[in-house]
**Student:** 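Could you have a look at this structure, given as structure tokens, before my questions?
Chain identifiers are assigned alphabetically (A, B, ...) following the order of the sequence lines, protein sequences preceding nucleic acid strands; residue numbering begins at 1 within each chain. Only heavy atoms go into these numbers, but all of them, side chains included; no hydrogens, no water, no symmetry mates.
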Amino acid sequence: MNIEEPKKPLNFIEEIIEKDLKNKKHNGKILTRFPPEPNGYLHIGHAKSICLNFGMAQKYGGKCNLRFDDTNPVKEDVEYVDSIKEDIHWLGFDWEDREFYASDYFNQLYEWAKLLIKKGVAYVDDHSADEVSATRGTPTLPGQESPFRKRSVEENLDLFEKMKNGDFPDGTKVLRAKIDMASPNMHMRDPVMYRIKHASHHRTGDVWCIYPMYDFAHGQSDFIEGITHSLCTLEFEVHRPLYDWFLDHIIDSPEVNRSRTHQFEFARLNLNYTVMSKRLLLQLVRDGHVNGWDDPRMPTISGLRRRGFTPEAIRDFADRVGVAKRENVIDVDFLEHCLREDLNKRAHRIMGVLNPLKVVIENYPEGETDELEAINNPEDDTMGTRNVPFSKVLYIEQEDFMEDPPKKFFRLAPGREVRLRYAYFITCKEVIKDKEGNISEIICTYDPASRGGNSPDGRKVKGTLHWVSAQHAVKAEVRLYDRLFVKEDPYEYKEGENFLSNLNPESLKTTEGYIEPSVKSAQPGDKFQFERLGYFCVDPDSTPDKLVINRTVTLKDSWAKMTNKS
RNA sequence: UGCCUCGUGGUGUAACUGGCAACACGUCUGACUCUGGAUCAGAAGAGUCCAGGUUCGAGCCCUGGCGAGGCAGCCA
């Protein structure tokens, strides 16, 4: 465990686990589970839960199960099962052979339902959904008992079996727990345990036409698997009495009961400039506001992966935001900070120009090419060096030249000398404009003695620019992403509007970039830093003759910050 | 006029279970630099939602307010 000096403070879950471990509550065992419903793609909020559940298991020498909460066949699909498994593995976690489904337990659940009927604490209700709803009361008003509540055990057993056999159409009957229609906790007002759905299930096919509700499946699934700590988000807090109630009525052995599973709730992750609801994410996909679940602007795991995030960065993020019970909204900047920190250490550096400005080196021999050595990663010299070709015609970034520069502009301007990274010092001699007066190219001279980037006379230049040789550069489609929403809180909109009106119309801009030839061999998923610009990765849309590159995140830019202020 | 949970710098998370609030991110300085990146050094920023109470002493305990979130699917 952790007996070391720095001892990071424990979150409340860790405190509970350590206490339980000390008291040998579960015979010193820890077993958690990650229980997604396969009805959508996983997002960064799930990543927090995955990291927590697998992380606790790892930290305390336990295991973590993967269990699909597949109790509602009409919403679920294998497509989602597959994507969820892929995402969890990609994040770096493994459930080994412990891949379970709530549907694995349908038989057992059915038996337990009959047991509750026999105990007189469950009954078949003929009410329609509307009637059930109308008699449930409100949070401030008690509900009314159903007239079917006092059916005999025999009748209930018979009816329930007929429900199972498919004798009744959808919605005509439900099995309910007999608890307390006046309970201040709505979930205890005779909650529905089973409903009829003549729908085929992605795993059990047409074997069943009645399906258990979440509340009647989750706690028991935890119990069957021997989960010690069932971690979920805050909205399930009010379900806990019910979670316990079902178990109370199912477990008859005091010894088993002593170490049985317990639910603990933590606050879900929220990010600003982002929506996290599966329903809304689905809407974005279905209505074509983004290009699929893995659109790099989506907060889905698959979107982040395609955007160029690393699992390490996401895990670090999950670790650093912590776990507590209070509502929180985390700055997306912090997520990006964690990413930059990771990529800074590992990303191969190359040069690429996004908004090219032609530079002609007047005194450089026509047709000649020079190979200059460039460092692949200044943070890690084991990554070595590469050669970058230099020639008479180059591209630099438009923003790196100003005809009439302000005080603190360190880059190129008429008469000024700057360094081209790993290459030469150049001095701007002339600015050439087109008929409209736009700068079309600039003429410079270079100092051959500054080859490699330093001048023998020790003179200094204030600016260093990235560049690319025009004749050697590889063209690529570069996709520049920005946040999907313009508002910090996308749910804040005017009356009559919805969250879609907060979509950022400029969340994706595409441009043609010129990149140094070493990218030619890059494969989808490869990540690198374009010096001075940001981190980028190769998109799977790339083909052998067309490179598509995503901008993952920009570098911090203190010049931009300065100019934005004034 | 119900129940549950929560309320600590701008944002998160801590405070050895009562000893005058720490860490990270952000912000602002400065140093260094062949990425205006990275790195390094430093600063500002909360007196812990409010009001009482217990105590020598409270962010931690008690009482009462106020505020936020959750709960009325045959969704999970």
Side-chain angles (χ1 to χ4, degrees), chain A residues 7-11 35-37 39-40 69-72 74-76 102 125 127-130 132-134 136-143 170-176 183-189 191-197 210-211 213-215 217-218 232-241 265 267 272 278-279 320-331 333-334 337-338 340-341 344-345 349 351 374-375 378-379 408-411 418-423 425 450 452-454 460-466 529-534 554-562:
Chain A
K7 66 171 169 189
K8 217 178 134 195
L10 302 177
N11 64 49
E37 183 190 12
N39 68 342
D69 231 324
D70 56 350
T71 55
N72 187 358
V74 304
K75 288 192 175 174
E76 295 151 7
D125 193 336
H127 269 334
S128 67
D130 286 345
V132 167
S133 170
R136 183 156 25 227
T138 70
T140 54
L141 286 176
D170 288 8
T172 54
K173 282 181 171 49
V174 286
L175 182 70
R176 292 230 253 172
S183 170
N185 182 341
M186 298 288 291
H187 296 278
M188 300 300 271
R189 324 243 262 224
V192 172
M193 294 163 60
Y194 267 93
R195 72 294 212 190
I196 303 171
K197 277 180 194 285
I210 57 172
Y211 293 93
M213 296 288 289
Y214 164 85
D215 286 305
H218 200 92
C232 63
T233 43
L234 253 26
E235 67 269 28
F236 292 100
E237 204 148 29
V238 282
H239 292 244
R240 187 171 2 113
E265 310 86 10
N272 57 13
K278 271 196 209 173
R279 201 189 98 244
R320 294 219 255 169
V321 295
V323 181
K325 296 193 76 154
R326 86 180 78 115
E327 294 295 329
N328 60 82
V329 181
I330 287 134
D331 287 345
D333 301 332
F334 186 60
H337 167 81
C338 294
R340 286 195 188 98
E341 209 168 82
N344 176 50
K345 289 176 299 192
R349 267 130 246 221
M351 292 193 284
I375 294 166
E379 307 286 323
K408 298 235 176 140
F409 187 79
F410 301 153
R411 285 110 97 147
V418 297
R419 170 171 37 236
L420 293 181
R421 180 142 235 230
Y422 299 124
F425 284 11
S450 63
N454 288 300
K460 299 280 184 201
V461 288
K462 202 72 170 120
T464 299
L465 311 186
H466 60 277
Q529 183 195 99
F530 284 8
E531 296 224 19
R532 303 210 304 137
L533 295 178
T554 60
L555 248 29
K556 283 212 289 191
D557 187 345
S558 50
W559 167 246
K561 196 191 279 179
M562 265 171 72

**Student:** Using a heavy-atom cut-off of under 4.0 Å over every strand shown, decide if A:Asn328 touches base, sugar-phosphate, or nothing.
**Tutor:** sugar-phosphate
**Student:** Does some side-chain heavy atom of A:His337 sit less than 4.5 Å from a side-chain heavy atom of A:Asp331?
**Tutor:**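 Not touching, per the 4.5 Å side-chain cut-off.
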**Student:** Just call it for A:Phe334: base, sugar-phosphate, or nothing, with non-hydrogen atoms closer than 4.0 Å on any strand.
**Tutor:** sugar-phosphate
**Student:** For B:C75, does either OP1 or OP2 sit under 4.0 Å from a side-chain N or O belonging to A:Thr71?
**Tutor:** no
**Student:** Give one of base, sugar-phosphate or nothing for A:Val192, where a contact means two heavy atoms less than 4.0 Å apart.
**Tutor:**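 Sugar-phosphate: the residue A:Val192, judged by heavy atoms under 4.0 Å, touches backbone atoms but no base.
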**Student:** Is A:Arg421 touching bases, backbone alone, or none of the nucleic acid, heavy atoms closer than 4.0 Å?
**Tutor:** base
**Student:** Check whether any side-chain N or O of A:Arg195 sits under 3.5 Å from a backbone N or O of A:Gly171 as a donor-acceptor pair, and report yes or no.
**Tutor:**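 The answer is no, because no donor-acceptor pair under 3.5 Å joins these two groups.
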**Student:** Could you tell me whether A:Lys75 and A:Glu37 have a side-chain N and a carboxylate O separated by less than 4.0 Å?
**Tutor:** no
**Student:** Please tell me if A:Arg326 has a side-chain N or O lying less than 4.0 Å from either OP1 or OP2 of B:G12.
**Tutor:**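 Answer is no, no contact under 4.0 Å.
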**Student:** When you measure from the side chain of A:Asn328 to the backbone of A:Arg326, do you find a donor-acceptor pair of N or O atoms at a distance under 3.5 Å?
**Tutor:**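 Yes, A:Asn328 side chain to A:Arg326 backbone: donor-acceptor pair under 3.5 Å.
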**Student:** So, does A:Asp70 use its side chain to make a donor-acceptor pair with the main chain of A:Ala102 at under 3.5 Å?
**Tutor:** yes
**Student:** Nearest of B:A14, B:C75, B:A72 to any side-chain atom of A:Glu37?
**Tutor:**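 Out of B:A14, B:C75, B:A72, the nucleotide with an atom closest to A:Glu37's side chain is B:C75.
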**Student:** Taking the nucleotide of RNA chain B with the nearest heavy atom to each, does A:Asp331 or A:Arg419 sit closer to the 5' end?
**Tutor:** A:Asp331
**Student:** Using whole Å, what does the distance between atom P of nucleotide B:U13 and atom CG of A:Asn11 come to?
**Tutor:** 11 Å
**Student:** Give me the distance, rounded to whole Å, that separates B:G12 from B:G2 when you measure between the P atoms they each carry.
**Tutor:**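 That atom pair is separated by 29 Å.
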**Student:** Assign A:Val238 to base, sugar-phosphate, or nothing according to its heavy-atom contacts below 4.0 angstrom with the strands shown.
**Tutor:**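 The residue A:Val238 makes base contact.
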**Student:** I'd like to know if the side chain of A:Arg340 and the backbone of A:Thr554 have a donor-acceptor N/O pair within less than 3.5 Å.
**Tutor:**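 At least one qualifying donor-acceptor pair exists.
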**Student:** Rounding to a whole Å, what distance do you find between A:Arg189:CZ and B:G73:P?
**Tutor:** 11 Å
**Student:** Applying side chain to side chain contact (heavy atoms under 4.5 Å, CB included), run through A:Arg419 and A:Asn454 and close with a yes or a no.
**Tutor:** CA-CA 8 Å; A:Arg419 170 171 37 236; A:Asn454 288 300; 4.0 Å; yes
**Student:** Any side-chain N or O of A:Arg136 under 4.0 Å from OP1/OP2 of B:C74?
**Tutor:**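 Yes, such a contact exists.
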**Student:** With heavy atoms under 4.0 Å as the rule, sort A:Met213 into base, sugar-phosphate or nothing.
**Tutor:** sugar-phosphate
**Student:** What orientation do A:His218 and A:Tyr214 show, parallel under 30°, tilted 30 to 60°, or perpendicular over 60°?
**Tutor:**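 Rings of A:His218 and A:Tyr214: tilted, as their planes differ by 30° to 60°.
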**Student:** Check the distance between B:A76's P and A:Glu76's CD and give it to me in whole angstrom.
**Tutor:** 7 Å
**Student:** What is the distance, to the nearest angstrom, from the CG atom on A:Asn72 to the C1' atom on B:G73?
**Tutor:**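 Taking CG of A:Asn72 and C1' of B:G73, I get 10 Å after rounding.
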**Student:** State, with a plain yes or no, whether a side-chain heavy atom of A:Ile375 is found less than 4.5 Å away from one of A:Tyr422.
**Tutor:** yes
**Student:** Separation of A:Tyr211 atom OH from B:A76 atom P, in whole Å?
**Tutor:** 12 Å
**Student:** Nearest to the A:Glu237 side chain among B:G2, B:A76, B:C4, which nucleotide is it?
**Tutor:**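 In terms of side-chain proximity for A:Glu237, the closest of B:G2, B:A76, B:C4 is B:C4.
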**Student:** Using the side-chain heavy atoms of A:Glu531, tell me which of these nucleotides is nearest: B:C74, B:U35, B:C75.
**Tutor:**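 Selected nucleotide (nearest to the side chain): B:U35.
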**Student:** Is B:G47 in the syn or the anti form, by the rule that syn lies within 90° of 0?
**Tutor:** syn
**Student:** Look at the side-chain N and O atoms of A:Lys197 and state whether any lies under 4.0 Å from the OP1 or OP2 oxygen of B:C75.
**Tutor:**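 Yes, within the criterion.
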**Student:** Students often get this wrong, so: under 4.0 angstrom with heavy atoms, is A:Val74 touching a base, only sugar-phosphate, or nothing?
**Tutor:** nothing
**Student:** Heavy atoms under 4.0 Å is the rule here; annotate nucleotides 36-42 of chain B 5' to 3' with B where the base is hit, S where only the sugar-phosphate is, and - elsewhere.
**Tutor:** BBS----
**Student:** How many Å lie between CG on A:Asp333 and P on B:U27, as a whole number?
**Tutor:** 8 Å
**Student:** Taking A:Asn185 for its side chain and A:Val238 for its backbone only, find out whether a donor-acceptor pair lies under 3.5 Å.
**Tutor:** yes
**Student:** Ignoring backbone atoms, establish whether A:Lys561 has a side-chain N or O less than 4.0 Å from OP1 or OP2 of B:C28.
**Tutor:** yes
**Student:** If I take atom NZ in residue A:Lys75 and atom C1' in nucleotide B:C74, what distance separates them, rounded to the nearest angstrom?
**Tutor:** 11 Å
**Student:** Hunt down any stem RNA chain B takes part in, defined as 3 or more consecutive Watson-Crick or G-U pairs whose two distances are each under 3.5 Å.
**Tutor:** B:2-7 with B:66-71, B:10-13 with B:22-25, B:27-31 with B:39-43, B:49-53 with B:61-65
**Student:** C1' atom, B:A22 versus B:C16: distance in rounded Å?
**Tutor:**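 That atom pair is separated by 13 Å.
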**Student:** Is a side-chain donor or acceptor of A:Arg532 paired with a backbone partner of A:Leu555 at a separation under 3.5 angstrom?
**Tutor:**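 No; zero donor-acceptor contacts below 3.5 Å.
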**Student:** Reckon A:Tyr194 touches a base, only the sugar-phosphate, or nothing at all at heavy-atom distances under 4.0 Å?
**Tutor:** nothing
**Student:** Decide, for B:U17, between syn and anti: a glycosidic angle within 90° of 0 counts as syn, anything else as anti.
**Tutor:** syn
**Student:** Could you tell me how far B:U48 sits from B:U39 if I compare only their P atoms? Round to whole Å.
**Tutor:** 35 Å
**Student:** Any base atoms under 4.0 Å from A:Phe236, or only sugar-phosphate, or nothing? Heavy atoms, all strands.
**Tutor:** base
**Student:** What integer number of Å spans the P atoms of B:C3 and B:C56?
**Tutor:** 36 Å
**Student:** Can you tell me if A:Arg349 uses its side chain to pair, donor with acceptor, with the backbone of A:Glu531 under 3.5 Å?
**Tutor:** no
**Student:** At under 4.0 Å, does any side-chain N or O of A:Arg240 touch on OP1 or OP2 of B:U5?
**Tutor:** no
**Student:** Report which part of the nucleic acid A:Ala324 touches: base, sugar-phosphate, or nothing (heavy-atom distance under 4.0 Å, all strands).
**Tutor:**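 Counting heavy atoms under 4.0 Å across all strands, the contact made by A:Ala324 is with sugar-phosphate only.
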**Student:** Closest-nucleotide mapping onto RNA chain B: is A:Val323 or A:Ala423 further toward the 5' terminus? I mean the 5' end.
**Tutor:** A:Val323
**Student:** Regarding A:Thr464 and A:Arg421, do their side chains bring together a donor and an acceptor under 3.5 Å, going by distance alone?
**Tutor:** no
**Student:** Counting side-chain heavy atoms from C-beta on, which of B:C6, B:A24, B:U13 comes nearest to A:Lys325?
**Tutor:**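 Of the candidates, B:C6 comes closest.
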**Student:** Would you indicate what A:Val461 reaches in the nucleic acid, counting non-hydrogen atoms under 4.0 angstrom: base, sugar-phosphate, or nothing?
**Tutor:** nothing
**Student:** For A:Ile330 and B:G10, give me the distance from atom CD1 to atom P, rounded to whole Å.
**Tutor:**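 Interatomic distance, CD1 of A:Ile330 to P of B:G10: 17 Å.
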**Student:** If I pick the C1' atom on B:U27 and the same atom on B:G9, what distance separates them, to the nearest angstrom?
**Tutor:**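 Per the computed distance, 12 Å lies between those C1' atoms.
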**Student:** Contact class for A:His187 (heavy atom, under 4.0 Å): base, sugar-phosphate, or nothing?
**Tutor:**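 The answer is sugar-phosphate, as A:His187 gets under 4.0 Å only of primed atoms, P, OP1 or OP2.
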**Student:** Determine: side-chain N/O of A:His337 to OP1/OP2 of B:G26, distance under 4.0 Å, yes or no.
**Tutor:**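 Yes, within the criterion.
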**Student:** Between B:G59 and B:C32, how far is it from one P atom to the other, in whole Å?
**Tutor:**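 Per the computed distance, 44 Å lies between those P atoms.
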**Student:** Is the phosphate of B:C74, meaning OP1 or OP2, less than 4.0 Å from a side-chain N or O of A:Arg176?
**Tutor:**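 So the side-chain polar atoms of A:Arg176 never come under 4.0 Å of the phosphate oxygens OP1 or OP2 of B:C74.
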**Student:** Could you list the residues that satisfy ring-ring contact (aromatic ring centres under 6.0 Å, His included) with A:Phe409, not counting sequence neighbours?
**Tutor:**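 ring-ring contact (aromatic ring centres under 6.0 Å, His included) check on A:Phe409 returns A:Trp559.
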**Student:** What distance, rounded to whole Å, do you find between the two P atoms, one in B:G26 and one in B:G37?
**Tutor:**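 Each nucleotide's P atom is 12 Å from the other's.
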**Student:** Say you pick atom C1' in B:U13 and the same atom in B:C75; how far apart are they, in whole Å?
**Tutor:**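 Nearest-Å result for B:U13 against B:C75 at atom C1': 33 Å.
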**Student:** Base, sugar-phosphate alone, or nothing: which one does A:Asn39 contact when heavy atoms must sit under 4.0 Å apart?
**Tutor:** nothing
